[in-house]
Amino acid sequence: DTAVSQTPKYLVTQMGNDKSIKCEQNLGHDTMYWYKQDSKKFLKIMFSYNNKELIINETVPNRFSPKSPDKAHLNLHINSLELGDSAVYFCASSQVMDQPQHFGDGTRLSIL
Amino acid sequence: SQQGEEDPQALSIQEGENATMNCSYKTSINNLQWYRQNSGRGLVHLILIRSNEREKHSGRLRVTLDTSKKSSSLLITASRAADTASYFCATGLSGSARQLTFGSGTQLTVLP
């Protein structure tokens, strides 16, 4: 029944490693997003995809690469993890871009 | 720079009291949305108000929008301990860049 699900919920890894976070939505939405929430709870958009096409790519290091195999999935791959990447990453979806978004419960990434 | 900024950053009240949170933004918007985030969870959409609306109600929530002052307020009446959460405003920008831009939230604590 979960509308937007992302895995894993927790990710603890060492600096320099490569990791992926998966996201799936069963709402039939056309648009999906990745956000980064820092320790002060500031939520910043990283990427937005509409029907598998990249719409927004904010100032994000190219170590971060989103992949959308189909409209219902948007995965995030991160290469060469750095200490500053520690944060909570949220996947979200909406029917169109400025309409209400549905969020997953987040992936808490900790870099050792 | 952030588009939406909430005020206050933290608010602590007794159960049964009303809670008011404010949001200011900088550029023209299509709509403004309020979200709630419980600890360890994703954001949940509460209410959307369009730029041509001045006030909107949903249950115990009342949202106002003043586009001349570029500000909005969220009022929660008769608060309950379960309302304890962070509350975020998000602005849907007008023009081609219709992404949502979030503030850093107001942490509301309702004491039983």
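A quick note: this is a predicted structure, and the numbers were derived from the prediction, not measured. Each chain gets a letter, A, B and so on, in the order the sequences are listed, and its residues count up from 1.
Around atom CZ of A/R63, more than 12 heavy atoms belonging to other residues, nucleotides or ligands sit under 6.0 Å away. More than 12 heavy atoms of other shown residues, nucleotides or ligands fall within 6.0 angstrom of atom CZ in B/R54. Surrounding CD of B/Q14 are more than 12 heavy atoms belonging to other residues, nucleotides or ligands, all under 6.0 Å away. Within 6.0 Å of CZ in B/R60 there are more than 12 heavy atoms belonging to other residues, nucleotides or ligands. More than 12 heavy atoms of other shown residues, nucleotides or ligands fall within 6.0 angstrom of atom CD in A/Q95.
No side-chain donor-acceptor contact under 3.5 Å links B/Q37 to the backbone of A/K41. Side-chain N or O atoms of A/Y33 include none that pairs as donor or acceptor with a backbone N or O of B/L100 at under 3.5 Å. Here the side chain of A/R108 pairs a donor or acceptor atom with the backbone of B/G40 at under 3.5 angstrom.
Between B/L48 and A/Q99 there is a side-chain heavy-atom pair separated by less than 4.5 Å. No side-chain heavy atom of A/D98 sits less than 4.5 Å from a side-chain heavy atom of B/T91.
For A/K44, no part lies under 4.5 angstrom from a heavy atom of chain B. Of the two parts of B/Q107, only the side chain, counted from C-beta on, holds a non-hydrogen atom closer than 4.5 Å to a non-hydrogen atom of chain A.
Outside the 6.0 Å centre-distance limit, the rings of B/F102 and A/F42 are not counted as a close aromatic pair.
A/V60 and A/M97 fall into different hydrophobic clusters, defined by Ile, Leu, Val, Met, Phe, Trp and Tyr side-chain heavy atoms under 4.5 Å apart, directly or through other members. Both A/F103 and A/I45 belong to a common hydrophobic cluster when Ile, Leu, Val, Met, Phe, Trp and Tyr are linked at side-chain heavy-atom distances under 4.5 angstrom.
Heavy-atom minimum distance, B/G42 versus A/F90: CA-CE2, 3.5 Å. For the residue pair A/Q37 and B/F88, the shortest heavy atom distance occurs at NE2-CZ, 3.6 Å.
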